[in-house]
Amino acid sequence: MGNDAKKMVMNTPMLDELESGPWPSFITDLKKYSEKRPVITQLLNQLNDSYETKWNYWQGKIINCSGYGGGIIARVSDKSDVYPDLANFHTVRVIEPPGWVYSTDALRNIADIAERNGAGIIQLHGMSGDILLLGFDDEGSLQCCEDLMNDGWDIGGSGAAMRTLQCCVGQARCEMACYDTMKTTKHITDTFIEYLHRPEFVYKCKFKLSGCGNDCANAIVRSDLPIIGTWRGPMEIKQSEVAAFIDKKGLDYVIDNVIARCPTNCISLKTATKEIEVDDANCVHCMHCLNVMPKALSPGKDKGVTILVGGHRTLKIGDTMSSVLVPFMKLETDEDLVKLTDFIDEVWEFWNDNGMDHERIGEFIHRIGMGNFLKGCGIEPDPRMIREPRTTSYIKFEELAPSRMEGEREQNPPVWNREPESSETM
Amino acid sequence: MGNDAKKMVMNTPMLDELESGPWPSFITDLKKYSEKRPVITQLLNQLNDSYETKWNYWQGKIINCSGYGGGIIARVSDKSDVYPDLANFHTVRVIEPPGWVYSTDALRNIADIAERNGAGIIQLHGMSGDILLLGFDDEGSLQCCEDLMNDGWDIGGSGAAMRTLQCCVGQARCEMACYDTMKTTKHITDTFIEYLHRPEFVYKCKFKLSGCGNDCANAIVRSDLPIIGTWRGPMEIKQSEVAAFIDKKGLDYVIDNVIARCPTNCISLKTATKEIEVDDANCVHCMHCLNVMPKALSPGKDKGVTILVGGHRTLKIGDTMSSVLVPFMKLETDEDLVKLTDFIDEVWEFWNDNGMDHERIGEFIHRIGMGNFLKGCGIEPDPRMIREPRTTSYIKFEELAPSRMEGEREQNPPVWNREPESSETM
Amino acid sequence: MSETKLAPRDQGAPDYTKFLHPVMVDNYGEWDYHERIKPGVLVHVAKSGDKLFTVRAGSPRTMSADTVRIICEIADQHCEGFLRFTTRCNVEFMCREESEVEPLIATIGEKLGWPLGGTGPSVSNIAHTQGWLHCNLPGSDAAGSTKALMDDLIADFTQEDLPNRVHISSSCCQINCASHGDISIIVQHHHAPRIDHNNMQICELPKVVAICPAAAIRPKLVNGKESVEIVEEKCMYCGACHGQCPSMEIRDSETDTLSIWVGGKMSNARSAPTFMKLAVWGIPNTPPRWPEVSEAVKKILSAYKETGKPWERVGEWIDRIGWAKFFELTGFPFTRYHIDDGPEALSTLNRSAMVRL
Amino acid sequence: MSETKLAPRDQGAPDYTKFLHPVMVDNYGEWDYHERIKPGVLVHVAKSGDKLFTVRAGSPRTMSADTVRIICEIADQHCEGFLRFTTRCNVEFMCREESEVEPLIATIGEKLGWPLGGTGPSVSNIAHTQGWLHCNLPGSDAAGSTKALMDDLIADFTQEDLPNRVHISSSCCQINCASHGDISIIVQHHHAPRIDHNNMQICELPKVVAICPAAAIRPKLVNGKESVEIVEEKCMYCGACHGQCPSMEIRDSETDTLSIWVGGKMSNARSAPTFMKLAVWGIPNTPPRWPEVSEAVKKILSAYKETGKPWERVGEWIDRIGWAKFFELTGFPFTRYHIDDGPEALSTLNRSAMVRL
Ligand code: SRM
Ligand code: SRM
Ligand code: SRM
Ligand code: SRM
Ligand code: SF4
Ligand code: SF4
Ligand code: SF4
Ligand code: SF4
Ligand code: SF4
Ligand code: SF4
Ligand code: SF4
Ligand code: SF4
């Protein structure tokens with residue numbers, strides 16, 4: 001393990017430049033800590049080399065705990081001749097507590113395990129939300145996982161698998177939260193933990209959960225299946241607080257910053273009574289007015305979530321933003337939670353049966369079209385899934401395309417006259 | 001010629017249904033006129049057949065006046081056994097007067113030529129703006145063209161050629177007009193008349209000209225090169241008329257329909273003095289406020305045009321909307337007009353040298369990218385050409401991509417530090 | 001016929017300056033403002049103080065030489081021998097005195113009987129295409145269906161009581177020569193083209209292969225002759241090949257339908273120009289009067305009239321109320337076909353958590 | 001090491017309920033509102049009347065086990081043994097009494113020395129990625145450049161005087177694991193990958209061929225061994241293949257540059273979420289402190305601070321003033337590379353005649 005690393009002279013002129021200045025320096029911290037974990041001297045020396053040469057010296061390899069298919073990101077150094085203890089210098093991804101809340105006991109436990117088995121470098125947190133522990137050799141990585149498991153932790157995902165979830169602090173400390181992000185995160189993680197540990201998907205799949213449209217988890221572009229809190233029906237308004245806000249900030253401020261900034265112009269101001277009126281049917285739950293006047297305005301009582309689909313970074317079709325998949329769903333009871341995971345299972349089934357290798361859900365939808373995706377998943381189309389209907393007139397209406405080849409004609413009524421389909425959302 | 005057509009019994013039960021109702025019926029008109037031009041009986045009988053069978057009986061063929069490559073849209077009937085005089089029943093496209101203005105002499109002249117040489121059916125006007133004369137046999141079509149030419153008319157385009165232009169009434173009768181649409185239309189037509197008559201392009205190319213952003217010529221989606229009037233600098237405001245308008249319509253109406261509807265929120269209302277103030281630098285010349293208060297507001301004095309590029313209907317990439325190519329250009333003097341046609345010539349050259357067969361300019365731009373198109377045409381990029389910069393990070397910076405293969409490195413300075421390029425528009 | 005004489009004379013556009021009403025000539029580029037006096041009647045006031053009154057009449061576009069002559073008679077009688085047509089094929093009679101307006105209107109009524117209107121916030125004339133009268137591609141008759149539809153919308157033409165102008169277009173195939181409109185009607189096919197291999201020689205094979213947007217056409221030898229085949233799964237029935245090659249017949253009188261598209265807007269007023277979007281599909285193609293089209297268009301117009309705000313064009317109105325509301329108000333079903341699958345499909349999705357609930 | 005013991009235990013997510021501050025437990029889901037007391041300090045007020053004060057400190061994200069223990073000490077001393085981290089890797093210490101806030105701040109200053117801020121309309125911590133410390137793909141060091149940049153932006157972190165929150169992200173390759181931000185920094189390559197044909201056996205060929213977004217990779221036999229070749233004209237230097245296969249080296253220490261993107265917004269507040277857009281490219285990659293990056297970011301921030309209106313995020317601000325103005329204010333040149341050529345390129349053009357002149 002890195003703990004037995006040879007002492008070496010720290011020689012990091014470039015990195016030393018990162019020790020000055022008001023922002024905390026991870027260089028200073030690690031330099032100091034290298035006294036305890038000498039491998040860090042090698043690490044920083046190699047990093048300094050990178051700064052000099054603008055070149056990277058890490059290569060990947062694969063190592064897994066038995067029974068798992070991910071969780072360890074293995075790195076070997078090209079410079080292990082110079083820095084022998086970097087020959088194997090892996091990262092262990094640990095599933096973080098939803099909302100990144102910790103007791104000090106738990107956090108110390110993490111620090112101890114990291115230090116005991118490797119270089120003791122901890123990142124709080126990785127961009128996918130995991131606790132990242134850096135600097136283990138092969139044996140150390142496995143032992144680290146073992147220790148984590150023994151203390152109740154679990155390891156995160158990598159490869160073509162579900163990834164560790166990420167959620168905002170939600171109901172634990174936020175008045176905007178429209179559902180229990182933490183509980184839902186734990187429910188999804190636990191229900192699908194096998195999919196997280198054993199890569200069996202066509203490619204990676206991420207969830208992120210935000211309690212409201214402010215999307216403090218950055219779910220919409222960073223996850224394949226964002227779950228975002230919302231409500232239906234009337235927003236909660238304390239008119240006395242509205243009046244107080246107007247008194248404090250002035251009428252102009254309220255007009256310019258609340259009324260004029262509502263994306264659907266659905267708030268009207270009664271200057272005489274210093275009250276506001278919201279046309280709730282046209283509110284799109286963007287959160288802006290609540291953000292400006294959090295004391296006066298709150299989400300409505302009938303809370304739930306909007307589920308989106310398809311977000312991810314740029315491979316291969318350019319950045320993809322998630323779009324609405326389920327406009328509204330209640331998420332309060334345990335049954336609701338099971339309904340949610342059942343629903344996800346169906347979406348996954350269609351994607352994994354039909355997706356190509358290394359094809360995220362968003363790319364899959366791009367390839368086959370959202371209409372076909374919905375059909376494949378058995379989801380009713382809803383106009384709230386779109387910004388606007390198609391502009392392209394190239395369409396294959398299956399109902400109207402009798403298979404001429406076989407000589408028979410279907411008799412489905414044309415759509416303009418069809419009984420309206422049920423458009424209830426689940 | 002159709003004039004000698006055999007008399008036949010008119011039998012049009014389906015078409016007769018189109019004779020009732022308040023809207024003028026072309027059926028009634030043609031039925032009556034069939035007394036003079038018996039071929040029309042055959043035409044209406046065939047049309048009635050189409051109504052019965054929902055089937056079309058026209059096929060195309062090609063016929064041209066010597067020295068021309070377009071202007072006659074030749075049609076032969078599949079039913080010429082039943083309707084012998086429809087065997088050849090062509091349309092002649094005649095270049096209309098810009099803005100569709102006529103003296104009655106001129107219009108009668110058209111009617112006479114149409115009647116003299118063919119069925120005497122006239123469409124005012126075709127969707128590309130031409131005068132369409134219907135119902136000539138081969139000889140009649142040629143004679144019709146001859147007669148038209150003799151009386152000063154010219155024939156329109158078809159095939160892979162420039163098409164007859166189309167413009168709004170403009171300065172002849174509209175206070176919004178920011179340039180002389182009629183004169184410009186005539187200038188472009190006359191300058192490029194060869195391109196109109198002899199199809200030598202990779203595909204068709206249309207211009208449409210509107211005097212202002214109201215785009216009464218529907219230029220932006222229907223033409224490859226729309227030319228739209230605009231101005232720079234201050235809009236003309238008659239404050240007394242603003243006040244009069246407020247008095248007449250009420251303050252609320254003005255707030256809701258003028259102030260709140262400005263796309264860039266650049267109009268502010270001084271309720272006390274009943275004046276408005278326009279932040280001209282942010283006005284995008286959308287025309288809305290001028291439309292609501294035409295007495296009070298007028299385009300500014302420094303008038304000119306915005307040239308766009310790429311509009312057309314759906315083949316093959318879906319509908320294409322034109323986008324800005326030249327943000328602003330003066331178009332007042334004869335020199336300006338020549339500058340314009342020279343500019344067009346350069347754009348055409350690049351397109352015709354590099355476009356694929358049947359590829360409209362918009363499709364060409366779609367294929368090669370607007371950046372490359374501008375480079376090819378020698379046009380400086382301008383941020384007003386775009387709604388927003390690229391979101392896709394896949395870029396080939398030629399300046400920064402030394403040809404490693406040949407072992408040499410270019411030394412262009414990186415852009416972040418480069419001297420700002422001139423961004424003057426022509 | 002002397003061919004030599006016809007050989008390129010390239011005369012260009014007519015000299016419009018000779019065709020302008022004298023008040024236009026005097027005030028060319030010097031107009032000040034305009035007012036709408038009543039539906040179908042405009043007045044333009046020049047900086048000089050001159051006025052030009054315009055009376056706009058709805059036209060069938062297709063007319064006989066005799067009808068054209070009647071139009072000329074009216075213009076001679078009231079308009080100093082000048083007149084014009086509009087982008088939407090309406091005819092405009094102009095006179096300089098307000099007192100001339102009513103006599104002019106009377107003459108139009110007498111001699112032509114065409115309705116007056118199409119000005120301001122009304123339904124103007126329908127932009128339409130050749131149809132079975134002349135084109136080689138039509139699946140329907142745009143001229144006839146326009147007549148029938150305008151009969152049904154006559155009050156919207158002769159009155160100015162909509163939120164804003166409504167421009168309708170109607171095309172006889174998917175090529176859509178009538179182009180975009182606030183409301184647009186086009187023909188939709190539902191099969192791949194049938195190929196007449198015997199007739200194939202007449203078209204240029206490479207062109208027809210190249211034109212297919214779905215790359216569904218492949219060259220193929222049939223009975224030893226060059227021809228093409230269509231990959232059924234790829235073809236999406238656009239008809240582009242049919243335009244290029246008459247031997248690839250896409251139409252089917254029994255299965256062709258009509259669809260209605262909404263929200264096309266070309267003006268830059270307030271909001272940027274927009275394409276038209278699919279509203280309802282599968283409307284039967286029913287000459288001679290296409291009652292189902294009228295029914296659907298009326299549903300759209302009445303919802304627009306009831307809930308649109310002043311100056312909102314159809315597309316702007318729907319943007320404000322949301323598409324869910326549009327489908328609710330019109331009763332048209334929202335189907336998976338409404339969801340775009342063209343090249344820019346992803347950008348038409350609701351890529352946000354902004355939802356009306 | 002007992003492999004049997006480790007074999008799948010699939011324990012799932014930690015039981016967060018044990019990690020919640022007691023005031024969070026008592027008021028879970030029952031919060032009423034919050035206020036910002038000063039930069040870095042928030043108070044959340046529950047319906048019960050309970051209050052929870054939060055002090056947010058900027059963290060370097062990467063830390064030693066010892067530093068983690070110091071954090072724990074502080075939380076034990078002032079926060080009843082609980083704490084949390086944020087989406088942007090800041091650490092949050094919470095206490096129930098307002099009187100505890102200043103002592104807590106003092107202890108943080110003493111023991112950690114980390115700056116307080118990142119709340120409200122400020123520049124919060126930079127979301128960043130592994131860089132040369134651990135990843136196999138980096139062309140730069142996001143952790144180091146983040147430290148350098150935050151040094152330069154410290155006042156924007158500790159004060160709340162911007163129009164709205166500014167979220168910056170910094171990634172060490174074009175994959176951009178740090179994702180979108182109001183301002184985002186990524187590495188840009190300028191060559192096609194060099195292929196190490198001898199090392200090719202280790203990767204899965206079909207995967208590498210399939211991953212190329214430009215379809216530029218073709219299988220090829222080289223010296224009798226299976227390998228690939230790259231079609232130079234097609235490749236646009238994205239590096240996707242390099243992620244899949246280490247034998248396709250895309251990086252070049254001499255020519256790699258950085259580019260800055262602006263206007264990424266994930267919240268739904270006011271306007272729909274938006275992608276980040278290219279602002280400036282060709283910035284040299286200059287460790288250890290990347291001064292050119294700081295310079296460019298500061299230009300953006302100062303223009304934003306001066307001309308942004310309250311609540312406008314960077315992208316919303318630029319939308320209002322127009323991109324021409326943005327380039328004018330920052331002095332960045334607008335080039336043809338700024339014009340999109342991706343799949344949705346046409347929709348990024350100014351498809352209107354709406355122009356500021
Ligand atoms: C460690 C981490 C960055 C960090 O410093 O925090 C990271 C590091 C890597 N990412 Fe990432 N990604 C990390 C979060 C992200 C995120 C952010 C997120 O999850 O919210 C994204 C953008 C969202 C998304 O998924 O699209 C992200 C998008 C990618 C991609 C591009 C995926 C795409 O579809 O465009 C790749 C490449 C791939 O998948 O082929 C990638 C690949 C990688 C690899 C595995 C490189 C590779 O292909 O070999 C990196 C391993 C680094 C290492 O040595 O540990 N990483 N990666 C983050 C994971 C830590 C954690 O578990 O908490
Ligand atoms: C006659 C006319 C319709 C009408 O009834 O008014 C018409 C009729 C035809 N159009 Fe058109 N188009 C007519 C205006 C338009 C317009 C409107 C415009 O120009 O503003 C458009 C949309 C704008 C555009 O150009 O995209 C239009 C878009 C097309 C297209 C689709 C082009 C595309 O890029 O998507 C085709 C098919 C093609 O080019 O291959 C087409 C092809 C045709 C052909 C030539 C059919 C064919 O390919 O054989 C039709 C001949 C009909 C005939 O028998 O006369 N026509 N066509 C219009 C021309 C009359 C005139 O000269 O004034
Ligand atoms: C006569 C005509 C131009 C021509 O050269 O032929 C014309 C003439 C006028 N238009 Fe237009 N427009 C004419 C076709 C158009 C078109 C094209 C079309 O209809 O196909 C458009 C663009 C349509 C679109 O956006 O899709 C058009 C969009 C406008 C607008 C913008 C409306 C909007 O708010 O979006 C205005 C402004 C207004 O309504 O005040 C306008 C305003 C006007 C004014 C008031 C301009 C003026 O000051 O004289 C004219 C009288 C309009 C009236 O009917 O009340 N005109 N106008 C065209 C009459 C067509 C017809 O017979 O109905
Ligand atoms: C603590 C944290 C959530 C967590 O679980 O960790 C959080 C907490 C709060 N956010 Fe957030 N946001 C947090 C990351 C985010 C993110 C994601 C990110 O930064 O990567 C976003 C989306 C970013 C984007 O749009 O690209 C985010 C967009 C917002 C917004 C919307 C801002 C806007 O106008 O667009 C608000 C509303 C507001 O500012 O009033 C908000 C508001 C809030 C409030 C006021 C909610 C509340 O009532 O408690 C919280 C205190 C904010 C403050 O700093 O003043 N939070 N917030 C995250 C702190 C990150 C940090 O350390 O700086
Ligand atoms: S996303 Fe909403 S609920 Fe979650 S922390 Fe942000 S503001 Fe609160
Ligand atoms: S939440 Fe957004 S959409 Fe709803 S009323 Fe408030 S500002 Fe308007
Ligand atoms: S486009 Fe403008 S100038 Fe031309 S007629 Fe319409 S309003 Fe007048
Ligand atoms: S023309 Fe349009 S953008 Fe300009 S001030 Fe008037 S409404 Fe605003
Ligand atoms: S729409 Fe189609 S059928 Fe009608 S005229 Fe145009 S090309 Fe012919
Ligand atoms: S109908 Fe359209 S998609 Fe089908 S083969 Fe013809 S051109 Fe191709
Ligand atoms: S951005 Fe690229 S180099 Fe940096 S961690 Fe992610 S994959 Fe690795
Ligand atoms: S760098 Fe990108 S475009 Fe070039 S070969 Fe590799 S994957 Fe393909």
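So you know, we letter chains A, B, ... as the sequences are listed, proteins then strands, and number each from 1. Computed from heavy atoms alone, side chains included, the values below leave out hydrogens, waters and symmetry copies. Owing to the predicted nature of the structure, the values given are computational and were not obtained by experimental measurement.
In terms of modelled atom types and a separation under 3.5 Å, the side chain of D:N268 and the main chain of D:A272 share no donor-acceptor contact.
Side-chain contact annotation: D:S169 with D:S179, donor-acceptor N/O pair under 3.5 Å absent. Inspection of the D:T255 and D:H190 side chains reveals no N or O donor paired with an N or O acceptor under 3.5 Å.
If you measure heavy-atom distances from D:Q188 to chain B, the contacts under 4.5 Å come from the side chain alone. In this structure, chain D has heavy atoms under 4.5 Å from both the backbone and the side chain of B:I395. Residue contact with chain D, scored on non-hydrogen atoms closer than 4.5 Å, involves the backbone and the side chain of B:S393 alike. At a 4.5 Å heavy-atom cutoff, the contact between D:I186 and chain B is made by side-chain atoms alone. For B:P263, the part sitting under 4.5 Å from any heavy atom of chain D is the side chain, from C-beta outward, and nothing else. For D:W261, the part sitting under 4.5 Å from any heavy atom of chain B is the side chain, from C-beta outward, and nothing else.
Among the residues in residues 344-357 of chain D, those with a non-hydrogen atom closer than 4.5 angstrom to a non-hydrogen atom of chain B are D:L346, D:S347, D:T348, D:L349, D:N350, D:R351, D:S352, D:A353, D:M354, D:V355, D:R356, D:L357. Using non-hydrogen atoms only and a strict 4.5 Å limit, the part of residues 309-322 of chain B facing chain D consists of B:I317, B:T320, B:M321, B:S322. By a heavy-atom distance cut of under 4.5 Å, D:K234, D:C235, D:M236, D:Y237, D:C238 are the residues of residues 234-242 of chain D near chain B, going up by number.
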- Going through the distances and angles, do B:C205 and B:L225 end up as a side chain to side chain contact (heavy atoms under 4.5 Å, CB included)? CA-CA 8 Å; B:C205 185; B:L225 286 161; 4.0 Å; yes
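Between chain D and the residues B:I220, B:N265, B:N282, the most heavy-atom pairs under 4.5 angstrom are made by B:N282.
For the residue pair D:W317 and D:G308, the shortest heavy atom distance occurs at CD1-CA, 3.5 Å.
Less than 6.0 angstrom separates the ring centroid of D:Y337 from the ring centroid of B:F397.
A salt bridge does not link D:E312 with D:K309: every distance from a Lys NZ or Arg NE/NH1/NH2 to an Asp or Glu carboxylate oxygen is 4.0 Å or more. A salt bridge links B:D302 with B:K330; the closest basic N to acidic carboxylate O contact falls under 4.0 Å.
Partners of D:T286 according to the side chain to side chain donor-acceptor pair (under 3.5 Å) rule, which considers only residues two or more places apart in sequence or in another chain, are D:E292.
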